[in-house]
Each structure stands twice: as C-alpha cells, then as structure tokens.
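All remarks here apply to the structure that follows.
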Amino acid sequence: MPELPEVEVICRGLRPELCGRRLARVALGDKPLRQSSSPRELAQWLPGRKLERLCRRGKYLVFRFEGHVTLVIHLGMTGRLWLDHQLAPLPHVHAVFTWEGGLIMAFQDVRRFGSILIFPPKAPVQPLKALGREPFSRKTTPEWLQAQARGRSRPIKNLLLDGRFLAGLGNIYACEALWAAGIHPATPAGQLTLKEWQKLLREIRRLLRRAICRGGTTINDYLNSKGETGLFQLELAVYGREGDPCRRCGESIARQVQAGRSSFFCPRCQPRHPTE
DNA sequence: CACCCCACCTGCGTGC
DNA sequence: TGCACGCAGGTGGGGT
C-alpha cells in the first residue's frame with residue numbers, strides 16, 4: 001500500500017510534531033510483525049532519547065535519535081502511523097510509542113507485513129544499505145538507469161519494482177509511470193533506449209511529485225498520520241482499471257500478471273517493442 | 001549472478 | 001445466507 005508518496009506524506013505529517021521531542025516509552029503487542037526488534041531492545045535504546053531527524057528512504061521511515069540510535073519503520077501493505085493525544089481503541093494496533101507531553105504514535109497494521117527495527121550506534125542500518133537510488137536524487141540520471149539495466153532481460157516493470165535498483169516505487173506507481181511514458185511493462189529492461197529512460201524518469205518524477213501533492217493514493221487502507229485519505233486514486237490512469245477505457249486513447253485497459261503482480265497497461269499507448 | 005516463486009497475514013468482493 | 005476462492009499497495013529467502 002504505502003509507496004514512496006504515501007510514506008513521504010506520513011513523514012511530512014509526523015516531522016513537525018515529533019522532531020525535537022523525547023520518546024518516553026514503547027509498547028509492543030503480542031502478535032509478531034514480519035520483522036521486529038524485541039521489546040527488550042526497543043526498551044534498551046529508545047526511552048528518554050530526543051528525536052533529532054526524521055526522513056524517508058525508499059518506503060522506509062527513518063527516525064534518527066540523539067546518540068546515533070536509529071529506528072526504522074516500514075509499513076508493509078497495510079501499515080499506518082497515527083498521531084493522537086490519547087490511544088483510541090483501534091483493532092490491529094501492534095506498537096504504541098508514547099512521547100513526552102503525552103503525544104501518542106500508534107502503529108496499526110492489519111496484515112502485519114510491516115517492520116519496526118532498532119539500530120544501536122555504529123550498527124549498520126541493514127535495510128537501508130541494500131536500497132537503490134532515490135528517484136529524486138541528482139545522481140539518478142537516465143544514463144545511470146540505462147547503464148544499470150544494460151544486459152538485463154527482465155521486464156522493465158519488474159526492474160522498477162526492485163528496490164535495490166530504484167527505491168520507493170511500488171506496483172501502483174510503476175504501472176502509472178510506464179503508461180505515462182508509453183512503455184509496455186514487459187519490455188526487456190536492457191532494450192530501453194536512452195530517450196525512453198529520459199522520458200520514463202521524467203514521468204516517474206512528475207507522477208511522484210503530483211501524488212505527494214494530492215496526499216497519496218488511498219485504495220483501501222492508506223491514511224496519513226492524521227487519519228485522512230489521499231486523493232491521487234482519482235487520477236490513476238491504469239492501476240485497477242482493467243477493462244475501462246484508456247484516458248488517452250479510449251482503448252480498453254489490460255491486465256497481465258508479471259512476477260506474481262498485476263500489471264495494468266494500455267495495449268495501444270504502450271505497444272510491445274517500443275522503438276528499437 | 002539474474003530472475004522467479006512463494007510465504008508471510010487478514011479482510012473483502014464475487015460467484016456459486 | 002454461507003462458503004470457497006481470488007485478490008490486495010511489500011519484502012526477502014530459497015530454488016532454478
């Protein structure tokens with residue numbers, strides 16, 4: 001669910017409330033998350049520390065505390081982070097962070113695919129080390145992307161979903177970006193021309209910026225840190241629109257499964273074997 | 001190494 | 001109404 005824009009919106013909502021504030025305590029629920037530090041580790045490193053910086057990396061939220069302690073939270077498919085001054089009796093709350101002044105951050109996650117990980121000073125922040133480049137980084141250029149894809153036979157859609165290559169894109173925005181760039185999702189990544197990479201990177205950035213402005217995409221579960229939905233679902237061109245008319249040419253949107261995930265595309269606007 | 005599949009979970013919509 | 005099935009925004013371990 002939460003891809004780069006949704007995580008960015010949550011990050012921007014949390015930052016002004018939490019930066020400079022001290023964390024009082026953390027409580028974990030009984031049911032395990034897919035990946036989580038133990039209650040003991042969290043209790044050892046977090047209580048009493050002031051949050052110095054909060055940022056997003058890919059789909060991860062990175063909380064930097066004083067003393068070089070790092071808390072990493074991933075929301076998986078259905079994770080949410082709420083801020084409130086009291087703990088509402090919500091189902092599926094698996095962690096509660098209480099900050100000084102009584103501010104409460106609840107981690108709610110129906111499917112429990114999320115993760116909460118603590119990294120002591122000097123410990124390598126494992127999940128971030130494996131991440132690829134940020135779409136908005138100046139180091140991410142069409143030339144770099146093409147060089148990374150050189151010789152690769154895997155479909156461009158699958159490569160876009162690979163966080164070790166480009167961080168933050170998920171199924172929705174990968175489909176939308178390929179539609180915007182007019183590239184068939186099954187095109188072997190190594191076959192994209194430099195022109196196509198230029199177009200694709202431009203569209204990825206435009207799409208992500210716009211989605212962030214709209215507060216993200218809410219299909220079923222996504223809510224920001226205040227409990228509000230996003231609006232970008234109203235502007236989706238292909239995702240979830242199988243059989244509906246293409247917003248550009250009217251052709252019926254197609255769906256095809258790639259690497260176990262649905263790809264939505266317009267067969268006319270995104271022809272096979274683009275140029276080449 | 002490159003790539004794919006599947007498990008990890010719960011809930012919801014659809015069709016019988 | 002009830003049930004069985006397919007599907008869902010992510011990740012990473014293991015197999016080919």
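Residue numbering restarts at 1 for every chain, and letters A, B, ... go by the order of the sequence lines.
Rounded to whole Å, the distance from CG on A:L166 to P on C:dG10 is 14 Å. Rounded to an integer number of Å, the gap from A:Q35 CD to C:dT11 P is 11 Å. Distance CG (A:L131) to P (C:dG12): 8 Å, rounded to an integer number of Å. The CG atom of A:D162 sits 10 Å away from the P atom of C:dT11 (whole-angstrom rounding). If you take CG of A:N158 and C1' of C:dT11, they are 15 Å apart, rounded to a whole angstrom. In this structure, A:R261 places its CZ atom 13 Å from P of C:dC7, rounding to the nearest Å. To the nearest angstrom, P of C:dG10 lies 13 Å from CG of A:D109. Atom-to-atom, CZ of A:R57 to C1' of C:dT11 comes out at 16 Å; the value is rounded to the nearest Å.
At a threshold of 4.0 Å, the pair A:R64-A:E52 does not count as salt-bridged, since none of the basic side-chain nitrogens sits closer than that to a carboxylate oxygen. Salt bridge present: A:R214 and A:E235 bring a charged side-chain N and a carboxylate O closer than 4.0 Å. Taking the charged nitrogens against the carboxylate oxygens, A:K199 and A:E196 have no contact shorter than 4.0 Å, which rules out a salt bridge. Salt bridge annotation for A:E66-A:R22: present, with a cationic side-chain nitrogen under 4.0 angstrom from a carboxylate oxygen.
Remark: A:N171 is in phosphate contact with C:dG9, judged by side-chain N or O atoms under 4.0 Å from OP1 or OP2. Remark: A:Y173 is not in phosphate contact with C:dG9, judged by side-chain N or O atoms under 4.0 Å from OP1 or OP2.
Mapping heavy-atom proximity under 4.0 Å, the span of DNA chain B touched by chain A runs 5' to 3' from B:dC3 to B:dG11.
If you check B:dC1 for Watson-Crick or wobble pairing at under 3.5 angstrom, you find it has no partner at all. Across all strands shown, B:dC9 has no partner, as no Watson-Crick or G-U wobble contact with both distances under 3.5 Å is found.
Ring orientation note: the planes of A:F264 and A:Y239 are nearly perpendicular, at an angle over 60° on the 30°/60° scale.
Between A:A130 and A:F264, the residue whose closest nucleotide on DNA chain C is further toward the 5' end is A:F264.
Atom C1' of B:dC3 sits at a distance of 23 Å from the matching atom of C:dG9, rounded to the whole Å. Across C:dG6 and B:dC6, the matching P atoms stand 13 Å from one another, rounded to whole Å. Nucleotides B:dG11 and C:dG12, compared at atom P, are 24 Å apart to the nearest Å.
Considering only side-chain atoms of A:Y222, the nucleotide from C:dG9, C:dA8, C:dG10 that sits closest is C:dG9. Among the nucleotides C:dG12, C:dG9, C:dA8, the one closest to any side-chain atom of A:R255 is C:dA8.
With rounding to the nearest 0.5 Å, the separation of CG in A:L18 from CG in A:L83 is 5.0 Å. In this structure, CG in A:L117 is found 8.0 Å from OH in A:Y60, a value given to the nearest 0.5 Å. Considering CZ of A:F97 and CG of A:L46, their distance stands at 7.0 Å, rounded to 0.5 Å.
Residue A:F165 is classed as having no contact, given no heavy-atom separation below 4.0 Å to the nucleic acid. Across all strands, A:S153 comes closer than 4.0 Å only to sugar-phosphate atoms, never to a base (heavy-atom distances). Nucleic acid contact class of A:P91 (heavy atoms, under 4.0 Å, all strands): none. Heavy atoms of A:R112 sit under 4.0 angstrom from primed sugar atoms or phosphate atoms, though from no base atom.
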